> 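One structure coming up, written as structure tokens, with questions to follow.
Proteins come first, then strands; the chains are lettered A, B, ... in the order of their sequence lines, and each starts at number 1. Since the structure is predicted, the reported quantities are computational estimates derived from the model, not experimental observations.
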Protein chains: 2
Amino acid sequence: MDKNIETRKRITIYDIAKEAGTSTATVSRVLSNSGYPVKEELRKKILDTAEKLNYSPNALGRMLKKSESRDIGVIIPTISNPFYPQVVLGIELEARRRGYGILLCNSFRDPETEKKYITSLVQKQVKGIIISSIDANHISLKEIIGNDVKVVAFDQNIKGLKCSKVGFDFVKGGMLAVEYLIKKGHRNIAFATSPLTRKSRLETLEGYKLALLKHGLPFNERNIIASSSEEEYENVNYEFENGRKLAASFLQLEERPTAIFAVNDMTAFGVIRELWNNGVNIPNDVSVVGFDNIEISSMINPPLTTINQPSFETGKLACKTLLDLMEDKGSQEVSITLEPSLVERKSVKELV
Amino acid sequence: MDKNIETRKRITIYDIAKEAGTSTATVSRVLSNSGYPVKEELRKKILDTAEKLNYSPNALGRMLKKSESRDIGVIIPTISNPFYPQVVLGIELEARRRGYGILLCNSFRDPETEKKYITSLVQKQVKGIIISSIDANHISLKEIIGNDVKVVAFDQNIKGLKCSKVGFDFVKGGMLAVEYLIKKGHRNIAFATSPLTRKSRLETLEGYKLALLKHGLPFNERNIIASSSEEEYENVNYEFENGRKLAASFLQLEERPTAIFAVNDMTAFGVIRELWNNGVNIPNDVSVVGFDNIEISSMINPPLTTINQPSFETGKLACKTLLDLMEDKGSQEVSITLEPSLVERKSVKELV
DNA sequence: TTGTATGCGTTATCAT
DNA sequence: ATGATAACGCATACAA
């Protein structure tokens with residue numbers, strides 16, 4: 001019966017109108033659930049013929065007419081970093097619930113790529129973008145904001161940009177981690193971090209310092225173990241390998257700290273691995289606290305004590321914020337800050 | 001200068017034509033890089049005014065006219081499972097290279113959700129879909145294949161479906177793992193798996209049996225440790241927790257095997273954790289081999305010896321196959337099978 | 001309640 | 001080489 005499957009023409013509301021003996025206007029009215037009054041009998045007939053002809057509406061036509069897309073753009077550094085899939089998941093669940101699809105873009109922290117994607121998304125007429133932006137100047141973003149597309153920034157701390165934000169209190173996160181260590185009796189604590197080029201890392205460091213200060217502990221510059229490598233790949237292996245290097249440096253320290261606070265979980269994994277390789281036991285010899293609470297952190301040995309950054313919530317909230325903004329043209333941009341919390345597991349030893 | 005930023009009208013080729021004193025036809029010809037001859041002088045003028053007016057083409061208009069979208073749909077179970085982000089990454093890189101965007105959809109292995117997404121994608125006029133399908137009957141897929149949209153299936157073994165496939169030799173993968181174990185002196189090997197409901201798992205088990213057979217080792221039904229729970233969540237925690245349960249069962253075995261082959265890495269992590277908790281050392285007391293080679297498998301303790309399933313390559317290949325199919329209408333569907341390989345790390349002990 | 005006609009922004013056909 | 005104009009599929013202002 002489907003022998004003409006290859007050649008069958010695209011069915012439009014015009015075909016339905018013809019078949020049902022009515023007009024395209026009426027067909028459109030019932031098929032788009034416009035709520036516009038149509039006599040029940042006719043409505044039924046239209047629905048039936050649509051079914052019969054196996055009609056599938058062309059979203060492009062509708063979008064063009066209403067000049068609005070049913071998709072939102074999502075730009076992240078890379079889906080390879082386990083933090084982002086969770087964010088994307090949160091976004092997608094909320095988006096689907098409200099009838100939107102998501103256009104996923106990995107920028108790899110390359111401003112050029114980011115720019116191209118933004119342009120492309122705008123051309124595709126998305127009316128909203130959720131972005132973890134890397135371009136410090138946000139040139140592309142500035143161009144589109146206030147125009148016709150709403151933007152919600154997350155992950156990176158964007159300044160001087162008139163858009164909604166879903167942020168995270170990195171300072172407090174840093175404090176939480178270090179205060180926990182202090183509470184467990186540690187006085188000499190190292191901070192292992194990838195290059196201190198990003199605002200979030202600087203803030204985490206700030207929290208580290210604040211905690212020390214608060215508890216009257218001296219700040220020792222040598223305890224900040226940062227990689228200086230210019231090139232930085234936003235992927236799992238980079239962070240891990242970097243952690244290993246940092247651990248190697250750590251082992252060179254004269255007065256070796258009893259604990260290491262790592263800028264993120266992946267780095268912590270690398271640190272732990274390298275320490276193990278050198279016969280240093282975690283947490284018996286050295287305690288380690290991570291940052292992010294990616295899912296795997298509970299699966300490694302030892303289970304990592306870390307700071308929870310609510311990735312799924314971030315995505316969900318960012319999406320909710322964006323859609324509210326898009327659908328209620330009057331609403332104002334908001335700035336939300338998510339709170340860190342400590343997840344206690346087995347990578348820290350209590351000093352007595 | 002941008003004071004009218006809020007109110008500025010959408011710029012179309014019509015505006016450019018007016019400003020440049022030419023016609024929309026000519027404007028379109030130069031702005032769409034049609035290759036159609038336009039006098040150099042005019043071309044330049046058009047380009048300039050487009051720039052001046054800050055013109056941004058409306059992809060919807062173009063798509064509608066040419067009746068082709070520049071996006072492809074990607075449907076996966078869930079981005080939460082670390083295997084898929086890598087696949088998606090491969091897809092995206094290839095797609096971007098060729099000027100396509102990707103519409104990401106998580107089906108959560110729910111046939112209903114999968115169906116809705118397929119419908120939605122078709123309505124958005126995508127001309128290609130890459131899918132890890134769950135619907136056993138592939139009803140929705142059958143409806144669209146051969147119509148106007150190309151489909152490439154991966155991950156799941158789709159049968160009776162006329163579409164391209166990028167598969168993986170699970171049987172051989174299973175064999176590889178078990179033969180390795182045998183080579184290392186293990187004779188009594190357990191297989192720890194989530195419910196044997198999926199074809200891929202059954203095939204892996206098949207490989208397990210084949211390896212035993214090949215080396216004249218007896219097959220012991222009790223060594224197949226499978227969870228029977230009906231409900232199955234496709235997420236990290238499920239696999240991990242499941243692995244823990246399986247390990248608990250393993251510990252009950254009368255003649256305890258010297259090695260465990262896990263159906264995937266996450267399960268292996270759970271197994272390892274539970275074993276550790278019970279004072280069983282890996283690999284000294286029990287050896288473990290995983291399956292998938294997700295990135296974290298190299299980061300845990302001990303680094304996991306596992307079977308590599310090339311996720312990134314799968315994505316890249318699937319996308320390449322799809323785009324070739326879409327762009328060259330004449331080309332035939334293909335079926336590619338990727339080969340497993342063993343990644344030797346530290347979770348297996350050689351028995352002497 | 002229904003139908004006619006127009007336009008969304010673009011490309012393509014046909015003249016010129 | 002350029003321009004007028006008709007689609008693409010849909011939604012809607014306006015008429016009836």
Side-chain angles (χ1 to χ4, degrees), chain A residues 8-47 49-50 53-70 119-120 122-127 147-148, chain B residues 8-47 49-50 53-71 120 122-127 147-148:
Chain A
R8 78 175 165 216
K9 223 177 90 354
R10 163 166 252 83
I11 305 295
T12 73
I13 53 172
Y14 178 76
D15 300 300
I16 299 183
K18 203 169 51 180
E19 181 80 11
T22 177
S23 72
T24 60
T26 308
V27 172
S28 171
R29 293 199 257 258
V30 345
L31 258 30
S32 65
N33 298 315
S34 67
Y36 198 95
V38 172
K39 202 184 284 178
E40 198 45 39
E41 190 186 7
L42 220 196
R43 144 171 274 115
K44 188 137 181 53
K45 184 163 189 184
I46 289 173
L47 253 17
T49 52
L53 296 186
N54 201 3
Y55 170 72
S56 168
N58 184 327
L60 259 32
R62 176 178 311 194
M63 286 172 179
L64 181 57
K65 175 63 187 172
K66 307 184 71 168
S67 72
E68 63 158 49
S69 146
R70 216 52 197 169
T119 303
S120 162
V122 168
Q123 293 183 178
K124 282 173 183 166
Q125 308 303 112
V126 305
K127 290 293 168 287
N147 207 347
D148 208 6
Chain B
R8 78 176 165 214
K9 224 179 92 343
R10 163 164 251 83
I11 304 296
T12 74
I13 54 172
Y14 178 77
D15 300 300
I16 299 183
K18 203 169 51 178
E19 181 80 12
T22 177
S23 72
T24 60
T26 308
V27 172
S28 171
R29 293 200 258 256
V30 345
L31 258 30
S32 65
N33 299 313
S34 66
Y36 198 95
V38 172
K39 202 183 285 179
E40 197 46 37
E41 190 185 7
L42 220 197
R43 146 173 273 115
K44 190 142 180 49
K45 185 164 188 183
I46 289 173
L47 253 18
T49 53
L53 297 185
N54 200 5
Y55 169 73
S56 168
N58 184 325
L60 259 31
R62 175 179 315 198
M63 286 173 179
L64 180 59
K65 176 63 186 170
K66 307 184 72 168
S67 73
E68 62 158 50
S69 146
R70 216 50 198 171
D71 295 320
S120 162
V122 168
Q123 292 184 178
K124 281 174 183 166
Q125 307 302 114
V126 304
K127 291 292 168 288
N147 208 346
D148 206 6

> Got a sec, which pairs hit side-chain hydrogen bond (donor to acceptor under 3.5 Å, both in side chains) with one end in residues 16-31 of chain A, sequence neighbours left out?
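side-chain hydrogen bond (donor to acceptor under 3.5 Å, both in side chains) check on residues 16-31 of chain A returns A/Glu19-A/Lys52, A/Ser23-A/Thr26.
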> Roughly, in whole Å, what's the span from NZ in B/Lys18 to P in D/dT2?
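Answer to the nearest Å: 21 Å.
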> Quickly work out the A/Met63 CE to C/dT10 P distance and round it to whole Å.
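Whole-Å distance recorded here is 17 Å.
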> Looking at side-chain heavy atoms only, is the closest gap between A/Lys127 and A/Gln125 below 4.5 Å?
yes
> Tell me: CG of B/Asp15 to P of C/dC8, nearest whole Å?
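The distance from CG of B/Asp15 to P of C/dC8 comes to 10 Å, rounded to the nearest Å.
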> Does the side chain of A/Thr12 reach to within under 4.5 Å of the side chain of A/Asn58, using non-hydrogen atoms?
no
> If I take atom CD in residue A/Gln123 and atom P in nucleotide C/dC8, what distance separates them, rounded to the nearest angstrom?
19 Å
> B/Ile46 has an atom CD1; how far is it from atom C1' of D/dA1, in whole Å?
11 Å
> In this structure, how many angstroms lie between the P atom of C/dT11 and the CD atom of B/Glu68, rounded?
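For the pair B/Glu68 CD and C/dT11 P, the rounded distance is 11 Å.
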> My understanding is that only one of A/Met63, A/Glu68, A/Arg70 makes a side-chain contact (heavy atoms from CB on, under 4.5 Å) with A/Lys66; could you say which?
A/Glu68
> Rounded to whole Å, how long is the line connecting atom CZ of B/Arg70 with atom P of C/dT10?
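In whole Å, C/dT10 P and B/Arg70 CZ are 17 Å from each other.
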> Please check this pair: side chain of A/Ser67 against backbone of A/Leu64, looking for a donor-acceptor N/O pair closer than 3.5 Å.
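No, because the side chain of A/Ser67 does not come within donor-acceptor range (under 3.5 Å) of the backbone of A/Leu64.
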> Round to the nearest Å and state the distance from A/Lys124 atom NZ to C/dG9 atom P.
19 Å
> What string of B, S and - do you get for nucleotides 6-16 of chain D 5' to 3' if you count protein non-hydrogen atoms under 4.0 Å?
-BBBBBBB---
